[in-house]
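Worksheet for the structure shown next.
Every chain is numbered from 1 and lettered A, B, ... according to where its sequence line falls, protein lines coming before strand lines.
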Amino acid sequence: MNLKPLFEPKTLAVIGVSSTNERHPANVIFDKNNHRYPVDVYGVNPKGGKLHDAILYPRVSDIPKKIDLAVIAARAEFVPDIIAGCIDAGVKSAAVISGGFTEGGRADLQNRMVDIAREANFPFIGPNCLGLFVPSRVDTFFLPIERMIKPTPGNVAFISQSGGILVDQMIKFTQQGVGMSKAVSIGNKALIREVDLLKYLLSDPVTKVIAFYVEGFAEGEGREFVQAADCSPKPIIIMKSGKSEAGGRAVSSHTASMAGDYASFAAAIAQHNIVEAANEQELVSFCEVLSAYTKPIDGKIGIITGSGGHGAMAVDASAAAKLTIPEFSEDLKATLQKQLTENVRSIASVNNPVDLTGSAVDDDFVVCAKILGASPEIDCIIVLLLPYLPGVTLDIGVRLSQVQKQFKKPLIAYVPHVEKYNMMIDGFEMNGTPVSPSIEGAVLMAKALMRKKPC
Amino acid sequence: MLKKDVSDIVKKSKKWGWVLEPDAMKIFSLNGFQTPKYAVATKDAEALAIARNIGYPVVAKIVSPAIVHKSDVKGVVLGIKDDQTLLATLARFQKLDGFAGMLIAEMVKGLELIIGAKNDLQFGPMVLVGMGGVGVEIYKDVSLRMAPIKPRDAESMLGELAARKLLTGYRGSEPVNLDKLKKTIISFSKVMIDLQDIVESVDLNPVMCNAKACLVVDARIMLKK
């Protein structure tokens, strides 16, 4: 099944556009693509008519051009026939936005459209979904453009069973400077499932990180998914809901009792090198750090801080995350001591964490990062930055990002996220260094880098 | 393909929803797993002959399609040293619900582990390894993987256990034969893949591991409905 027309359509048909109801989801989709994306858009309505100046075609086969992607937003009972009509007209793919299938007690309609599509090898997303968003290409979400935050183009693809979670995450990605390559809401995943999109995205040159929100897999589908993920050089992240066990189930063996649905899920994905994000915060953080650094680390962390308390908090969080904070060798400590500025040389602590104190200036942070960058004693640097320290300037982000690139060693920064510090945060993020709004988040980012080496 | 002996056992056990212990033990020994010496008696003379053949001390366990959890009805008696205790135990078991026999087995020493499997809807056969015995669900010191288990999975499963130090010999205790243990886990995962259409879950609890071997001392196989 060729999924390319779904993601890179040149021609788009929107089926179900209304000439009378401006707020119809199909009209929103028609309008946003017509004005903002490099696709030729055609509206389809059985009664014909006009929308603004555009002619509405009674059937998809009436459109004078071959259609790459048909967005179907008609009532459920018409959808199987519309799919058949698309196939006859040579349409290459579809996104079925309409609801009212298995989730509304009409499994028969859903099964019929799957049968029709499967026989013709015709790919469709959905039903009961938002469809696809590809930056600078296409957007089938029926959400008015003025209500959406426009995600930054980037290398993270996010596939979600829930459209609502998808849009929320897109907002959070944008707020934390995580760029997206694709966003797909798969709804009832009647035909195209997570595993199909995973396989497509593994060979998508724009995508470097593949993230999923999963409620559950169908019978045997979880096994198929983890096997496809196992040897992926691209990091794969899953956020799961429905982790609590259904109560009152009689279990007659110890194993069945201890290997519940979620325990099995968590074990199977970890075994196949998939990172599990426990919540939304972890999901965004993991996507940010794994899109910046793809090489796995062993988890030997060097911490540079402007406050002893921050350092202690980071050490505790690291221990909980099974990261190690190695004691520095005497040589390394001496080198650090020697290179610090006069401001802090006599008061800084050059153990791990390196506590530069509140008197530190940019140069102290940068020189420590360089020494740790060159040292084999650690494989990842966490910088706990307090933007209110008088010696720290707005240049710190770009300067530390240069160190990170020079030594090819992951560097993660903690900066409190308030509007006042945005320019400092941008200095990191716009230069490819991930920033966490919490100390624990910075540590979790480092933990996400501790993936097993792909086979 | 299932061996004929195995499918015969499964066919016979279908009506109970699970496989009686002697049959479950047989399935595993047919698949090359080590077990202690054992046999089933229903009458005094048989019990005495079996005990003589194995040699005291022995363990006696109730065999009954009505009793899945033997310990709950005091259906397991360890360290029987003489004929008198053996026969008294048999007499008591004969009065238990659904009595079908008394399994008499050699006593073996070692670390009590659990090796189990569950057929998961989303992921298929899952294999569990951990500290076994009656307290298994209290301590929950177990690790879980999707079958088939590769050597690196077996290695990391054991490394995950809080009790991993007990495996390599803790404070003078005898270390467990890790090579045998890993091989047992790997071949168990293969059997679970062969049986996945029939079996819902399996407990080998305990598997007794010592410096020489890992022996399946008790096996419970729950069948799919």
What do you reckon, is [atom1] of [X] surrounded by more than 12 foreign heavy atoms closer than 6.0 Å?
| X | atom1 | answer |
| --- | --- | --- |
| B:Lys182 | NZ | yes |
| A:Gln161 | CD | yes |
| B:Lys183 | NZ | no |
| B:Lys15 | NZ | yes |
| B:Lys70 | NZ | yes |
| A:Lys240 | NZ | yes |
| B:Lys14 | NZ | yes |

Point-to-point distance, once rounded to the nearest 0.5 Å, from [atom1] of [X] to [atom2] of [Y]:
| X | Y | atom1 | atom2 | value |
| --- | --- | --- | --- | --- |
| B:His69 | A:His254 | NE2 | NE2 | 6.5 Å |
| B:Gln122 | A:Glu219 | CD | CD | 10.5 Å |
| B:Lys118 | A:Asp261 | NZ | CG | 5.0 Å |
| A:Ser253 | B:Ile114 | OG | CD1 | 7.5 Å |
| A:Ser257 | B:Lys140 | OG | NZ | 6.0 Å |

>> If you count heavy-atom pairs within less than 4.5 Å of chain A, which of B:Val142, B:Asp153, B:Val127 leads?
In response: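 Between B:Val142, B:Asp153, B:Val127, the count favours B:Asp153.
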
Validation: residues 160-167 of chain B side-chain donor-acceptor distances under 3.5 Å, sequence neighbours left out:
{"unit_1": "B:Glu160", "atom_1": "OE2", "unit_2": "B:Arg145", "atom_2": "NH1", "d": "3.3"}
{"unit_1": "B:Glu160", "atom_1": "OE2", "unit_2": "B:Arg145", "atom_2": "NH2", "d": "2.7"}
{"unit_1": "B:Arg164", "atom_1": "NH1", "unit_2": "B:Leu161", "atom_2": "O", "d": "2.8"}

Which atoms of [X] are under 4.5 Å from chain B, going by heavy atoms: the side chain, the backbone, both sets, or neither?
| X | value |
| --- | --- |
| A:Gln227 | side chain |
| A:Ala218 | backbone |
| A:Glu221 | backbone |
| A:Phe265 | both |

What heavy-atom pair brings [X] and [Y] nearest, and what distance separates the two atoms?
| X | Y | answer |
| --- | --- | --- |
| B:Met146 | A:Gln271 | N-OE1, 2.5 Å |
| B:Met126 | A:Ser264 | CE-O, 3.5 Å |
| A:Ala267 | B:Leu144 | CB-O, 3.2 Å |

>> Suppose a student defines contact as a heavy atom less than 4.5 Å from any heavy atom of chain A. Which residues in residues 217-225 of chain B would they list?
In response: B:Arg220, B:Met222

>> Is B:Asp203 in contact with chain A via its backbone, its side chain, both, or neither, using a 4.5 Å heavy-atom distance?
In response: both

